[in-house]
Amino acid sequence: MAGIYIHIPFCKQACHYCDFHFSTSLKYKEELLHALVKEIKLQKSYLDNETIETVYFGGGTPSLLEADDINVLINTITELHTVSSNAEITLEANPDDLDDAKVKALRQTDVNRFSIGIQSFFDEDLLWMNRAHRSRHAEASVKRVQDAGFENITADLIYGYPLLTDTKWKQNLDKIFELSIPHISSYSMTVEPQTALGAFINKKAAAHE
């Protein structure tokens, strides 16, 4: 099965735990889009004419793109490759990006699956992670996407950080079930050395030496 992954390296702000390549400035968005189109064309023969079954927009925060930007990239792929009629086309999205206007615009694209970075339904946890959204955004975004007719949704949850208790984890899962989200991606909090979280921990450790 052939698939194409497109990395969109833009974020509103830096999560304390993140060590992915990203920028909090959209200054070079147009240059990036032109480069991606060029790269898709240059790599046309790489998949040896296999049918594309999945297209995945990851990041970063791909939901910072406009619907027109996404259409340009998808159209470039469909012009150069055979894309399955039931291909899964996923957009990673932050809850605070999925307002009414954005969801309505995305209905005019071929995106048919959302990977929503909820991480937690507790505001204190989201603040600790330095996430841009709050719990009210998470619940509202899921309902908004569902109301627009999108059924294929996955939600990200993070576990293994100091503020999380068994009770809070169960409440996170209960909320996922209550919202009828069909798939969960769970990630353990990992302390990477070149992150704000890593620096905080090293500073605290040094203070106790």
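Computed from heavy atoms alone, side chains included, the values below leave out hydrogens, waters and symmetry copies.
Of the possible donor and acceptor atoms, none in the side chain of R136 sits under 3.5 Å from a partner among the backbone N and O of H133. Although no hydrogens or angles enter the test, the distance criterion places a donor-acceptor pair under 3.5 Å between the side chain of N75 and the main chain of N71. Judged purely by atom type and a 3.5 angstrom limit, S45 has no side-chain atom pairing as donor or acceptor with the backbone of D48. A donor-acceptor pair under 3.5 Å links the side-chain atoms of R107 to the main chain of A148, judged by distance alone. Put simply, the side chain of H137 gets close to the backbone of R134: a donor and an acceptor are under 3.5 Å apart. Using modelled atom types, no side-chain atom of E53 and backbone atom of A87 make a donor-acceptor pair closer than 3.5 Å. When atom types are taken as modelled, the side chain of K41 and the backbone of T76 share no donor-acceptor pair closer than 3.5 angstrom. Remark: side-chain polar atoms of K102 are paired, donor with acceptor, to backbone N or O of S63 under 3.5 angstrom. Using modelled atom types, one side-chain atom of N172 and one backbone atom of F121 make a donor-acceptor pair closer than 3.5 Å. A donor-acceptor pair is defined here as one N or O able to donate and one able to accept, closer than 3.5 Å; such a pair exists between the side chain of R144 and the backbone of L98.
Of the inter-residue distances, the one linking E79 atom CD with I74 atom CD1 reads 12.0 Å to the nearest 0.5 angstrom. Atom CE in M129 sits 11.0 Å away from atom CZ in F122 (nearest 0.5 Å). Rounding to the nearest 0.5 Å gives a distance of 13.0 Å between CG of D166 and OH of Y159. With values rounded to the nearest 0.5 angstrom, I70 atom CD1 is found 9.5 Å from I6 atom CD1. Taken from CD1 in I52 to OG1 in T82, the straight-line distance is 8.5 Å, to the nearest 0.5 Å. To the nearest 0.5 angstrom, I118 atom CD1 is 10.5 Å from N94 atom CG.
Of all heavy-atom pairs between P182 and E151, the closest is CG-O, 3.8 Å. Of all heavy-atom pairs between P9 and L32, the closest is CD-CD2, 3.4 Å. Across all non-hydrogen atoms, the minimal contact from N112 to N152 is O-CB, 3.5 Å. Contact record, H81 with K44: CE1-O, 3.4 Å, taken as the closest heavy-atom pair. Of all heavy-atom pairs between P95 and G117, the closest is CD-O, 3.5 Å. Shortest non-hydrogen contact noted between A155 and I176 is CB-CD1, 3.7 Å.
Residues D125 and K168 meet the side-chain proximity criterion, which asks for heavy atoms closer than 4.5 Å. Taking 4.5 Å as the limit, some side-chain heavy atom of V142 sits within range of a side-chain heavy atom of Q146. Here the side chains of T154 and I116 are not in contact, with every heavy-atom distance at 4.5 Å or above. With a 4.5 Å cut-off on side-chain heavy atoms, Y161 and S120 count as touching. Considering only heavy atoms from C-beta on, H34 stays 4.5 Å or farther from E39 through its side chain. In this structure, the side chains of T54 and T90 stay at 4.5 Å or more apart for every pair of heavy atoms. Here the side chains of F10 and T61 are not in contact, with every heavy-atom distance at 4.5 Å or above. In this structure the side chain of W128 reaches within 4.5 angstrom of the side chain of P162, judged on heavy atoms.
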For this session: Show the numbers, then the answer: is there a side-chain contact (heavy atoms from CB on, under 4.5 Å) between V103 and D99?
Result: CA-CA 6 Å; V103 173; D99 58 18; over 6 Å; no
For this session: Output, in order, the C-alpha distance, side-chain angles, deciding distance and verdict of side chain to side chain donor-acceptor pair (under 3.5 Å) for E88 and Y56.
Result: CA-CA 8 Å; E88 184 178 82; Y56 192 101; over 6 Å; no
For this session: Mind running side-chain contact (heavy atoms from CB on, under 4.5 Å) on L36 and I8 for me, showing each step along the way?
Result: CA-CA 10 Å; L36 285 171; I8 306 299; 3.9 Å; yes
Exercise. Checking side-chain contact (heavy atoms from CB on, under 4.5 Å) for the pair E92/D156: CA distance, chi angles, key distance, verdict?
Worked result: CA-CA 10 Å; E92 285 187 357; D156 291 351; 5.6 Å; no
Problem set entry | Trace of the ring-ring contact (aromatic ring centres under 6.0 Å, His included) decision for F114 with F150 | CA-CA 8 Å; F114 284 94; F150 294 98; 4.8 Å; yes
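Looking at K29 and D69, a side-chain N of the basic residue comes within less than 4.0 Å of a carboxylate O on the acidic one, giving a salt bridge. A salt bridge between D174 and K170 is present, with a side-chain N of the basic residue lying under 4.0 Å from a carboxylate O of the acidic one.
Environment of OH in Y5: crowded, with over 12 heavy atoms of neighbouring residues, nucleotides or ligands closer than 6.0 Å.
Linking ILVMFWY side-chain heavy atoms closer than 4.5 Å, directly or via other members, places L173 and I153 in a single hydrophobic cluster. No continuous path of ILVMFWY side-chain contacts below 4.5 Å connects L73 to Y28, so the two sit in separate hydrophobic clusters. Residues M1 and V83 fall into different hydrophobic clusters, defined by Ile, Leu, Val, Met, Phe, Trp and Tyr side chains chained together at heavy-atom separations under 4.5 Å. Connection of V37 to I89 is established within a shared hydrophobic cluster, with ILVMFWY side chains joined at heavy-atom distances below 4.5 Å, either directly or through further cluster members. With hydrophobic clusters built from ILVMFWY side chains whose heavy atoms lie under 4.5 angstrom apart, W169 does not share a cluster with L126.
A donor-acceptor pair shorter than 3.5 Å can be found between the side chains of S135 and D123.
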